[in-house]
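Notes follow the structure.
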Number of protein chains: 4
Amino acid sequence: MSKYEHIQQAAYEANMQLPKLGLVLFTFGNVSAADRSLGAFAIKPSGVPYDELSPAKMVIVDFESNIVEGTLRPSSDTKTHALLYKHWENIGGISHTHSMYATAWAQAQRDIPIYGTTHADHNTVDIPCASPMSDEMIGGDYEYETGFQIINCFKEKNLSYEEIQMILVGNHAPFTWGKNAEKAVYNSAVLENIAQMAYLTEHIKADALRLKDALIKKHYERKHGPDSYYGQD
Amino acid sequence: MSKYEHIQQAAYEANMQLPKLGLVLFTFGNVSAADRSLGAFAIKPSGVPYDELSPAKMVIVDFESNIVEGTLRPSSDTKTHALLYKHWENIGGISHTHSMYATAWAQAQRDIPIYGTTHADHNTVDIPCASPMSDEMIGGDYEYETGFQIINCFKEKNLSYEEIQMILVGNHAPFTWGKNAEKAVYNSAVLENIAQMAYLTEHIKADALRLKDALIKKHYERKHGPDSYYGQD
Amino acid sequence: MSKYEHIQQAAYEANMQLPKLGLVLFTFGNVSAADRSLGAFAIKPSGVPYDELSPAKMVIVDFESNIVEGTLRPSSDTKTHALLYKHWENIGGISHTHSMYATAWAQAQRDIPIYGTTHADHNTVDIPCASPMSDEMIGGDYEYETGFQIINCFKEKNLSYEEIQMILVGNHAPFTWGKNAEKAVYNSAVLENIAQMAYLTEHIKADALRLKDALIKKHYERKHGPDSYYGQD
Amino acid sequence: MSKYEHIQQAAYEANMQLPKLGLVLFTFGNVSAADRSLGAFAIKPSGVPYDELSPAKMVIVDFESNIVEGTLRPSSDTKTHALLYKHWENIGGISHTHSMYATAWAQAQRDIPIYGTTHADHNTVDIPCASPMSDEMIGGDYEYETGFQIINCFKEKNLSYEEIQMILVGNHAPFTWGKNAEKAVYNSAVLENIAQMAYLTEHIKADALRLKDALIKKHYERKHGPDSYYGQD
């Protein structure tokens, strides 16, 4: 029995949520689950249809992008996952999709404005959209540079990856993360939901106002603050 | 056997309708069912996934927001429910969702104009959108104030809560109610339907006209007037 | 055994198609099936949920709107059905829905322009939208007048009800018909499809051109002309 | 046992994917599967509902549009399929749908701009939209001319049918193809996905920029180039 079995199982279950939640067409998405004590993560193999996946097919990779265990080729986005795990020490899962509305915002290269409490329940700021890479970065180690593009965007905007758990990569698509793979996928679904709502809001009122600060603070804190009273713990 | 079992059952069944009707993502909604003779209502516990719900998990709360029975924490929106039950004596169920189109109208802070007979079958007026709260109200007892925001909006617009059974809370999302929990959820689905139709109508014709008074009156009365002839009773 | 059983069965099956095709929310639709030799039609009872319907619950009504058989109240739109059967001698089924996109066009009071071959496969003209009724007509025998509104629109535009089998009633919703109830429901689904495509077309190109005459003629005739070569008969 | 059984089976399975992928209403689509060594293809019979199809009902046609085997009338679009097989020697499957967003772009007579990496994963250029035919072509052998319209569009734009496997026919709808019928249907779904994303992108940012060349090259090559690293082979 592999010592990686638990993250293979977690990655498998989280990947299987993507089609159930309507977040992927065919194989256009991938989720990984990390175990920090083992210094490795399990990730979906590249291009394998969801209904042919099994926990044992999840590929084990370390944070330097070396394959540790597995016979299949890992997701083509593996280096992006590895880099984020390496630099952001408190995340245990990453999800990447091409979900419809979030990807459209990424293609439009716009941050998603915070228009309501559904957004504020999960984020205190506009969802950031990282700029497309320079041609040099694209021509280099592309997926590796995608990871830096994400990290640099957070640095420039002075955002905390523990608080804001989602980003759009300009021209490309969203990445989300969290304490584990399940939470990362949850965030993918939340992002898609927020992205569609913001789209509709702007088409109902072209000059819709961003949510005011008092409401941003209130909604985020009732779910995430020290005195939060949402949920059962 | 608890004397609250019937409202727990009603609240459970009504809550389970929300995902079936496509009105909620994850746990972003809650329904309650009241028994006026017992001075209490049953409401969804906070943050518990729909597929883990059971009638016994519904929390019993009185109209002053005190927990009467139950070990789980009730919905974070419980005080809003309690206040509406306290002030509006003839409602037996309340539903709160973040359904896509209704929430987008709330985020845009616009009333939903009455554009057709689907709307008029259920409401004689534009669906009201209550203004966002003042910062003082938000900083105070937020969910309690949300209830007042709803009640005050109805007072200002001189609307009857027995006739108009739905509202948008600006920047937030819709609340609906009715004689019981089932009717409240029915109204949530009707509101989402109306909200999408109005959205599309404005995008087919930017200066679409509101429904004329004769049609508003006719459609509402054939369903709800003293000589109504819709349905079987 | 009732001599109306075959039209009750046909009406039942056709009504049950509406939710399967995504054309109705709750009970917002009704289909009828006529037998000309019996001078009567079977129609959905008013306000009964689709999952409680059965063939025996279909109400039998004659072309003067008199109930011939059945204990339930027929659809509130029954008089509209009766009038169309009375005046248009070659139709055997009628379907009425509040399907999303078709209803939005009706609310916008616009004909649906013929933008492509999907439309032309079924209609040679823009889908007509009848004007809303005068206040006098609304205050009179409303559902009866709705039927006249439809018939008069076809007269004014010089359309054949045998060729064009669908209409929007301004501010209200679509009606479709055909040789039998199954075809009427088929037309409801086609209309919704066309309505959504036309909506999207105008939002992809604001000044999209109507289909040119040669293509209108070609596509309609390959499905419906004397030398048609679509289908198996 | 027919020597065409394998392409009948392939065509059957590919046709049955269309409703599962949400790409067709009723019978508005058809897929064919060719065997070059036999000089023939199997195609859906015209107007037969998907749930009544079986492999044996697929009609065998040669590349000159002659029926080789089968008792049913083949799809009304058969001549378009035959012409494409005849002129494009390396395709083994063709799919034609009236999928919602792709058809709306065709009705608007616009190429679909390349706005992001989802598009670039499959195509290096805007999805071409062939001009509607001249009245002479329409009045002639229509479906045959549709094939020429497609081939001529690729010639004019200097595109390779092996690289770009999808097109919009102006005013009509999309055609896609590939090495086999399964790939052709895959491309129909990808096109619909891209078409919706591009629609949304333009409505999020009216002057959205086309993807820059470096990203187009990178994404296409990582999936299709000589050093591709997507998938398992």
Side-chain angles (χ1 to χ4, degrees), chain A residues 22 24-29 45-49 52 57 59 71-79 97-113 129 132-143 145-146 168-173 195-196 198-200 202-203 206, chain D residues 17 20-23 99-102 112-122 182-183 185-225 227-233:
Chain A
V24 292
L25 174 68
F26 298 128
T27 60
F28 306 175
S46 183
V48 176
E52 295 175 15
K57 285 185 181 167
V59 186
T71 53
L72 294 168
R73 183 189 289 172
S75 164
S76 58
D77 297 300
T78 295
K79 285 181 181 173
T97 78
H98 287 217
S99 69
M100 185 53 66
Y101 283 85
T103 303
W105 282 91
Q107 292 193 160
Q109 298 184 43
R110 284 188 57 196
D111 298 351
I112 304 178
C129 180
M133 282 176 239
S134 69
D135 288 7
E136 290 68 33
M137 290 169 82
I138 295 167
D141 198 342
Y142 177 63
E143 289 79 12
E145 298 288 1
T146 299
L168 308 173
V169 176
N171 280 147
H172 186 170
Q196 185 176 0
Y199 176 90
L200 295 174
E202 294 191 348
H203 286 83
Chain D
Q17 283 300 308
K20 279 188 196 160
L21 288 163
L23 300 172
S99 69
M100 185 53 65
Y101 283 84
I112 304 178
I114 182 167
Y115 284 131
T117 62
T118 317
H119 187 129
D121 281 339
H122 300 91
E182 184 186 0
K183 184 67 192 304
V185 169
Y186 171 92
N187 284 332
S188 290
V190 166
L191 171 53
E192 178 66 7
N193 194 250
I194 289 171
Q196 185 177 359
M197 267 182 198
Y199 176 90
L200 294 174
T201 301
E202 294 192 347
H203 286 84
I204 291 170
K205 191 168 165 58
D207 56 348
L209 296 175
R210 291 177 76 259
L211 196 61
K212 58 182 184 173
D213 286 342
L215 268 172
I216 293 175
K217 193 163 169 286
K218 176 65 192 173
H219 267 263
Y220 192 78
E221 291 192 347
R222 78 174 193 163
K223 263 205 164 171
H224 307 280
D227 303 319
S228 74
Y229 48 95
Y230 185 89
Q232 298 299 332
D233 31 50

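Within every chain, numbering begins at 1; the chains are lettered A, B, ... in the order of the sequence lines, protein sequences first and strands thereafter.
- Using a 4.5 Å heavy-atom cut-off against chain A, the contacting residues of residues 215-222 of chain D are D:L215, D:K218, D:H219, D:R222.
- The candidate with the highest count of non-hydrogen atom pairs below 4.5 Å against chain A, out of D:A189, D:A120, D:A198, is D:A189.
- In this structure, D:Q232 contributes its side chain and A:R73 its backbone to a donor-acceptor pair below 3.5 Å.
- Using a 4.5 Å cut-off between heavy atoms, A:S134 touches chain D through its backbone atoms (N, CA, C, O) alone.
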(message) Could you walk me through whether D:Y115 and A:T103 satisfy the side chain to side chain contact (heavy atoms under 4.5 Å, CB included) test, starting with their C-alpha distance in whole Å, then the side-chain angles of each, then the deciding distance to 0.1 Å, before giving a yes or no?
(response) CA-CA 10 Å; D:Y115 284 131; A:T103 303; over 6 Å; no
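- When heavy atoms are compared at a cutoff of 4.5 Å, D:D207 does not approach chain A at all.
- For a residue to count as touching a neighbouring chain, one of its non-hydrogen atoms must lie under 4.5 Å from one of that chain's; by this rule A:E143 touches chain D with the side chain only.
- Listed by first and then second residue, the salt bridge (charged side-chain N to carboxylate O under 4.0 Å, His left out) pairs that reach into residues 185-204 of chain D are D:R110-D:E202, sequence neighbours excluded.
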(message) Using the rule given for side chain to side chain contact (heavy atoms under 4.5 Å, CB included), can you reason through A:H98 versus D:N193, listing the C-alpha separation, both sets of side-chain angles and the distance that settles it, and then say yes or no?
(response) CA-CA 10 Å; A:H98 287 217; D:N193 194 250; 5.8 Å; no
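- Ranking D:D121, D:L209, D:T201 against chain A, the residue ahead of the rest is D:T201, based on heavy-atom pairs under 4.5 Å.
- Contact of the A:D77 side chain with the D:Y230 side chain is not registered, since no non-hydrogen atoms from C-beta on lie closer than 4.5 Å.
- Remark: A:Q107 CD to D:M197 CE distance equals 6.0 Å, nearest 0.5 Å.
- With respect to chain D, the highest number of heavy-atom pairs below 4.5 Å among A:G47, A:A106, A:S46 belongs to A:S46.
- Listed by first and then second residue, the salt bridge (charged side-chain N to carboxylate O under 4.0 Å, His left out) pairs that reach into residues 98-109 of chain A come to none, sequence neighbours excluded.
- For the atom pair A:Y199 OH and D:L200 CG, the distance stands at 5.0 Å (nearest 0.5 Å).
- When D:V190, D:L211, D:I204 are compared by the number of non-hydrogen pairs under 4.5 Å with chain A, D:I204 comes out ahead.
- Proximity to chain D involves both the backbone and the side chain of A:I138, based on heavy atoms less than 4.5 angstrom apart.
- Remark: A:A195 pairs with A:Y101, A:A102, A:W105, A:I112 by the side-chain contact (heavy atoms from CB on, under 4.5 Å) rule, at least two apart or across chains.
- Residues A:T78 and D:Y229 are not in side-chain contact: their nearest non-hydrogen atoms beyond the backbone lie 4.5 Å or more apart.
- Using a 4.5 Å cut-off on side-chain heavy atoms (C-beta onward), D:H203 and A:H203 make contact.
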